[in-house]
Amino acid sequence: MKRKGFTTLLLVSLLAFLLVFTSACGTKSTGEKKSEDVIKIGVNLELSGNVASFGQSALNGFTLALDEINAAGGINGKKLEIIKYDNKSDNTEAASVATRLITQDKVPIIFGAVTSGNTMAFINIAEANKVPVLTATATNPDVTVDPKTGKVREYVFRTCFIDPFQGTAMAKFATEELKVKRAAILKDNTSPYSVGLAKFFTEGFKAGGGEVVADENFTVNDQDFRSVLTKIKSLNPDFIYVPAYYEQVGQIVKQAREMGINVAFGGSDGWDSPKLIEIAGKDALKNCYITNHYSPDRDDPKVKEFVKKYKEKYGNVPDALAALGYDTGYVLAAALKNAKEITPEAIKDALKNVKDVEGVTGKISIDEQHNAKKGLVILEFVDGKQTYRKFVEP
Ligand code: PHE
């Protein structure tokens with residue numbers, strides 16, 4: 001009797017154990033458990049094409065941050081997994097990459113793109129599918145606010161400052177420190193970034209008492225700028241503002257110097273690439289100033305530590321894109337930690353509430369317009385090297 005009772009107990013417990021065990025195995029064998037253990041992060045970046053150095057740097061910085069976050073245990077036990085595609089620095093590609101990430105890979109968030117134009121090319125797709133987009137670098141104001149309605153785009157966020165700040169900061173620096181009065185502008189009129197910055201610079205420069213003596217255009221595939229530079233030269237400016245990307249900027253500055261145009265050039269974050277020095281040469285870059293997001297030379301332990309780790313992993317000094325990519329990894333981690341669940345909707349809600357993430361490009365809080373209010377640096381090219389000139393408060 002006693003023995004029989006014991007056997008029944010043994011059998012019941014064995015059965016119970018088997019039940020639990022097989023159900024656990026059930027999830028494992030379908031492979032579900034694995035996908036439950038990771039959070040997929042969609043990446044849509046310019047890894048080839050005419051701004052390839054931007055995408056590569058941003059990806060390096062972002063990957064470094066995610067590796068650190070995973071090494072420290074991930075997000076509530078889940079590891080972050082990057083699913084990345086190259087948008088080839090092209091609007092149409094950027095849109096199809098977004099569609100692929102959303103419909104095939106079913107990512108709950110997309111990181112990218114670098115440029116304002118490539119980001120704008122897919123934000124409608126993301127909004128329609130209610131999947132949040134987080135860009136580290138796209139600075140045109142229309143990226144997060146729809147200019148037609150004036151409404152904030154519910155699913156689009158960024159971790160950088162915006163172009164009204166960048167454009168007017170250069171206007172003020174040119175007026176007050178370089179003491180110039182007659183500016184010429186040369187912009188890429190196919191790029192919303194370039195067009196926007198030209199406008200913000202013009203407003204700031206005029207407000208400071210300066211005159212814009214030329215406002216000239218080029219398009220993204222142009223290589224020869226001699227005729228437009230001849231026209232600009234004839235108008236006798238004492239400053240030339242070129243809010244554009246390094247491939248064209250390099251040619252413009254090089255050709256201008258060859259033509260004897262020796263006035264100061266002003267530029268923007270789009271100049272930030274090691275390729276610029278290769279294309280223009282360091283002598284041509286003398287007397288050139290840009291606005292940017294960060295300087296690796298800043299005397300801040302956080303910056304020093306980042307530069308050291310980045311150099312160890314990739315072998316070069318991180319540019320602003322790498323720094324922004326890195327900071328954005330931590331902004332994403334902060335949002336994922338606070339998200340009620342790992343769904344596009346909950347991640348979007350958590351992104352709205354990101355506060356005081358200490359980054360290498362400054363302290364990041366997402367404001368009502370889904371932007372980050374941060375200071376900028378003005379850098380001067382000295383011997384081909386971006387050299388810190390001053391910090392401008394937000
Ligand atoms: N701000 C640029 C844009 O909106 C991208 C960029 C950011 C380029 C930082 C270089 C450095 O297109």
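Order of appearance sets the numbers: ligands from 1, and atoms from 1 within every ligand. Not measured: the values here are computed from a predicted model.
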Enquirer: Indicate whether the side chain of Y289 and that of Q386 have a donor and an acceptor atom separated by less than 3.5 Å.
Expert: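 No - no donor-acceptor pair under 3.5 Å links their side chains.
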Enquirer: Distance under 4.0 Å to a non-hydrogen atom of T115: what atoms of ligand 1 satisfy this?
Expert: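 In order of numbering, the contacting atoms are 3 (C), 12 (O).
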Enquirer: Could you tell me whether T139 and ligand 1 have an N or O pair separated by under 3.5 Å?
Expert: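 Yes, there is a polar N/O contact under 3.5 Å.
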Enquirer: Taking the non-hydrogen atoms of A138, is any one of them nearer than 4.0 angstrom to ligand 1?
Expert: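 It does; at least one heavy atom falls under 4.0 Å.
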Enquirer: Checking D272 against N292: is there a side-chain donor and acceptor pair closer than 3.5 Å?
Expert: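 Yes, because at least one side-chain N or O of N292 sits under 3.5 Å from a partner of the opposite role on D272.
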Enquirer: What protein heavy atom lies closest to atom 3 (C) of ligand 1? Include the residue and the distance to one decimal.
Expert: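 Here the nearest protein heavy atom works out to Y193 CD1, 3.3 Å.
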Enquirer: Once you round to the nearest 0.5 Å, how far does CZ of F122 lie from CE of M120?
Expert: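 Taking CZ in F122 and CE in M120, the distance rounds to 11.5 Å.
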Enquirer: Would W271 count as a contact of ligand 1 if the rule is a heavy atom under 4.0 Å away?
Expert: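 No, W271 has no heavy atoms under 4.0 Å from ligand 1.
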Enquirer: Answer yes or no: does an N/O atom from Y245 fall short of 3.5 Å to an N/O atom of ligand 1?
Expert: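 Right, the criterion is met.
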Enquirer: Which heavy atom of the protein is the closest neighbour of atom 5 (C) of ligand 1, given with residue, atom name and distance?
Expert: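 Residue, atom and distance for the closest contact: T137 O, 3.5 Å.
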Enquirer: Once you measure the plane-to-plane angle for F239 and Y241, does it fall in the parallel (<30°), tilted (30-60°) or perpendicular (>60°) bin?
Expert: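 The arrangement is parallel - the two ring planes meet at less than 30°.
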Enquirer: Between atom CZ of F62 and atom CG of L134, what is the distance when rounded to the nearest 0.5 Å?
Expert: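 The distance works out to 7.5 Å.
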Enquirer: How about Y193 and Y245: are their ring centres within less than 6.0 Å of each other?
Expert: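 That pair passes the under 6.0 Å test.
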Enquirer: To which protein heavy atom is atom 6 (C) of ligand 1 closest, and what is the distance rounded to 0.1 Å?
Expert: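 Looking only at protein heavy atoms, the one closest to atom 6 (C) of ligand 1 is D269 OD2, 3.7 Å.
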Enquirer: Could you tell me the residue and atom name of the protein heavy atom closest to atom 4 (O) of ligand 1, and the distance to it rounded to 0.1 Å?
Expert: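 Sorting protein heavy atoms by distance from atom 4 (O) of ligand 1 puts S116 OG, 2.5 Å first.
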Enquirer: Could you tell me whether the side chains of E345 and Y155 share a donor-acceptor contact shorter than 3.5 Å?
Expert: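 Looking only at side-chain atoms, Y155 and E345 do form a donor-acceptor pair, the distance falling under 3.5 Å.
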Enquirer: Does H293 come within less than 4.0 Å of ligand 1, judged by its heavy atoms?
Expert: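 H293 counts as a contact of ligand 1 under the 4.0 Å cut-off.
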